[in-house]
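Structure first, commentary second.
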Amino acid sequence: MQQEQRAVDNADVAAVFLEMGELLAIAGGDLYRSRAFRTTARILEELTTPVGELLLLNRLTSIRGIGAGSVERIQQILQTGTCADHQKLLQRLPTGLREVLHVRGMGPRHARLAFEMLGVSNREQLEWVARNGLLRALPGVGDKTVDRVISHLDELKIGPPPRLLLRDALLLGARLVDWLKEDPAVVRVEQTGSARRRKETVGDLDVLVATARPAPCVQRFLAFPGVKEVLLAGESRASVVLEGVPGRGAMQADLRIVVVESFGAGLHYFTGSKQHNIQVRLRANQRKLAVSEHGVWERKLFGRNHGDENRKIARRITPGTVEGDLFAAVGLPLIVPELREGDGEIDAADAGRLPRLVELSDLRGDLGLRARSAAEAADLLAASKARGHAYGTWIRPLHEVDDVAAFVRQARALEDRLQLRVFCGVEVLIDKAGGVQVPATLRAAVDVVVGCAQPLLSVFDLAKAAQTARLLKAVSSGALDVLARPTGRRLLVQDGADLDLHPVLLSAAREHVAVEVSGDPQRLDLSARGCRADRAAGALLSLSSAATTVSETGLLQHAVWQARRGWIEPALVLNSRSAADVDAWLGERRPGRARSRTSTVTEAAPSPDRPVDPLVELLNTRPLSKALRARLEGFLHGDVDDELRRALEHDGPNALQKAFALLV
DNA sequence: GCCGTTTTCGGCCCGACTGTTTTCAGTCG
């Protein structure tokens, strides 16, 4: 009943489509139709613009994957929370069958048979029939399937399947890679999957091996210390369950094996994501090619009405030794793993508009060294310098700084001693109402004021609108140079605060406040999705290791990966600029600032000014109707808007005018 | 249900493994 009080949002509409898709599959309906519903659900989940706005603007069908049928259903769902097809399916099947579908070994057909023949309509009933020998009676279900179902049900009771922080997944993956390398027949081995895409958390470990002798390699994999269950083991692949952390479920590890000539194609396929792979293969199909983990093949075409015969392959056209071969075969430049989420990267690559992503080597300093004492700061800054940096920022929590003048003197002394530009800063907490307590004298004394958005747990209780307003107020206070931990999340422990990032980022861009991307593997806040949103909003990002120890200074790499997953180019990264430019940027924000001293530190040439995306400029400066603003923002978020895109593709100074004319 | 350099019908990613259906459907990633 409370549901009715709340407006239907994108996630709610997506949930209805997902339920329809899953129930339709179980009902034995058209599997392509089922898949289309699920695709629609995924698209809706990833939209950054409210689906209602797009509906009003008649823009929904311009999104690939959403057709007239979906628009009608979306309209119904927005009004009533459901739609006719949804209701029909719910009358036919209990919704609890969806959790049956999610049990390993139970696909749509088994779920349907269990319902029809055994009356199973939820997970508890599935467990009962499995343990009492009834499940075994279903056609196509044998002892092994029953064992697998029971084993997975037990795992599900322990808790949700565990995920690892990226850092930990890379460490465990490296152990597995080293273990497999011991086999002399292994030519190449690499960790693939979401870890290779540098996703913030990883659900299972994937490793790809190139070898001409797969059997001993599979055996070695099965003997990896910590393997507690073998899920499958064949000629070219094997899956095992690794012992988990006590109190949590176990983690799956998958081994894939290809011949060395196919290593690039295999690397591409097993790196994923699934959506990316499907899109690449569809593209290959359009070019009469077939892409698999073994390479790229020419499809023999027999014309219409020959169904499966069209699948027959005639000739391998590229061995796919490196990933670039595979992309080239489908007419694309190499797309780096961090972008392979099926979220617009293929269209961008096709149009020659892939971003030149920020790299670790672009960074000229670490903007987030968190040392507690001058001695620690010296170590961190020296480590930073050893990494080739020209400057570093020493940040201390304000409440730990008794004597600001002494702190600044220490920083200046370190600067002279280390021959490294040192910016000193304090971190202040943003209170529940968005207030920041920064006396003018303090602000003038230090180089940087960082506002941390996550002071207290109680702040997570704020409603979305209040949370957003809180950050907007802090950003526009004029007291902050950098906004840190915007959502306050701790991965695998605490979800971030519910807030609308986009206006906050737009405001940060207008107010010249940078937003921190923390390399702390447990935070990675701003998130990759936040970075992607910022690409449109245009706030400068401050990449930080958040290091408190020397070894943690290497975590700057995690911040870079995160930014790359968000399509961020160096121009949007504050610390890709020279020390002089960072100094100037800080100076702009405090006109009376005494710093800007001539440093004894030698500096590299300053980087050119950041080019402002004219579309972002338009969004920030022109008065636009709500509808037009939504359309522009949608486009900047990656929504498909062919009309707008075509207008912008006209070269020359009039491109923007054309686009603007088109909008009004 | 969606889409179109196969465009209003016909196809939709692809391959490996498993079980049990003696030739392939179901499941998975």
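Throughout, protein chains are lettered first and strands after them, A, B, ... in sequence-line order, and every chain is numbered starting at 1. These values consider heavy atoms only, across backbone and side chains, with no hydrogens, waters or symmetry-generated copies.
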Worksheet item: Rounded to the Å, how far apart are Leu231(A) CG and dA16(B) P?
Response: 19 Å
Worksheet item: Just how far, in rounded Å, is P of dC14(B) from CZ of Arg237(A)?
Response: 16 Å
Worksheet entry | dC13(B) phosphate, OP1 or OP2, under 4.0 Å from Arg281(A) side-chain N/O | no
Worksheet item: What integer number of Å spans the P atoms of dC12(B) and dT18(B)?
Response: 27 Å
Worksheet item: Counting just side-chain N and O atoms, does Ser70(A) come under 4.0 Å of either OP1 or OP2 of dC2(B)?
Response: yes
Worksheet entry | Rounded distance in Å - NE2 (His276(A)) to P (dC14(B)) | 15 Å
Item to complete: Report the base-pairing partner of dT8(B) (Watson-Crick or G-U wobble, both distances below 3.5 angstrom), or none.
Response: none
Item to complete: Could you verify whether a donor N or O on one side chain and an acceptor N or O on the other, from Glu19(A) and Thr95(A), lie under 3.5 Å apart?
Response: yes
Worksheet entry | Separation between the C1' atoms of dT8(B) and dC3(B), rounded to whole Å | 10 Å
Worksheet item: Between dG11(B) and dC24(B), how far is it from one C1' atom to the other, in whole Å?
Response: 22 Å
Fill in: Spacing of Phe270(A) atom CZ relative to dC28(B) atom C1', expressed in whole Å
12 Å
Worksheet item: When rounded to the nearest Å, what value does the distance between P atoms of dT22(B) and dG29(B) take?
Response: 26 Å
Worksheet item: Do Tyr32(A) side-chain and dG10(B) base share a donor-acceptor contact under 3.5 Å?
Response: no
Discussion item. How many whole angstroms separate atom CG of Leu282(A) from atom P of dC2(B)?
Written reply: 16 Å
Worksheet item: Expressed in whole Å, how much space separates the P atoms belonging to dT23(B) and dC14(B)?
Response: 27 Å
Worksheet item: Please give, in whole Å, the distance from dC28(B) P to Leu255(A) CG?
Response: 20 Å
Worksheet item: Is the phosphate of dC13(B), meaning OP1 or OP2, less than 4.0 Å from a side-chain N or O of Arg35(A)?
Response: yes
Discussion item. Measuring only the P atom in each nucleotide, how far is dG15(B) from dC9(B)? A whole number of Å is fine.
Written reply: 31 Å
Worksheet item: For Arg148(A) and dG26(B), what is the distance between atoms CZ and C1' respectively, to the nearest whole Å?
Response: 12 Å
Worksheet item: How far does the C1' atom of dC28(B) sit from the matching atom of dC13(B), given to the nearest Å?
Response: 14 Å
Worksheet item: Looking only at side-chain N and O atoms, does His152(A) come under 4.0 Å of OP1 or OP2 in dT27(B)?
Response: no
Worksheet item: For DNA chain B, whose closest nucleotide is more 5', that of Ile278(A) or that of Asp206(A)?
Response: Ile278(A)
Worksheet item: Are Ser292(A) and dC13(B) close enough that a side-chain N or O sits under 4.0 Å from OP1 or OP2?
Response: no
Discussion item. Donor-acceptor check, side chain of Arg73(A) to backbone of Gly69(A), threshold 3.5 angstrom: yes or no?
Written reply: yes
Discussion item. Check this one for me: any side-chain N or O of Arg38(A) less than 4.0 Å away from OP1 or OP2 of dG1(B)?
Written reply: no
Item to complete: Consider only side-chain N and O atoms of Arg38(A) and Ser34(A), and report whether a donor and an acceptor are under 3.5 Å apart.
Response: yes
Response to the item:
Residue pair Gln286(A)/Val71(A) against DNA chain B: nearer the 5' end by closest nucleotide is Val71(A)
Worksheet item: For residues 107-120 of chain A, which residues have at least one heavy atom under 4.0 Å from DNA chain B?
Response: Gly107(A), Pro108(A), Arg109(A), His110(A)
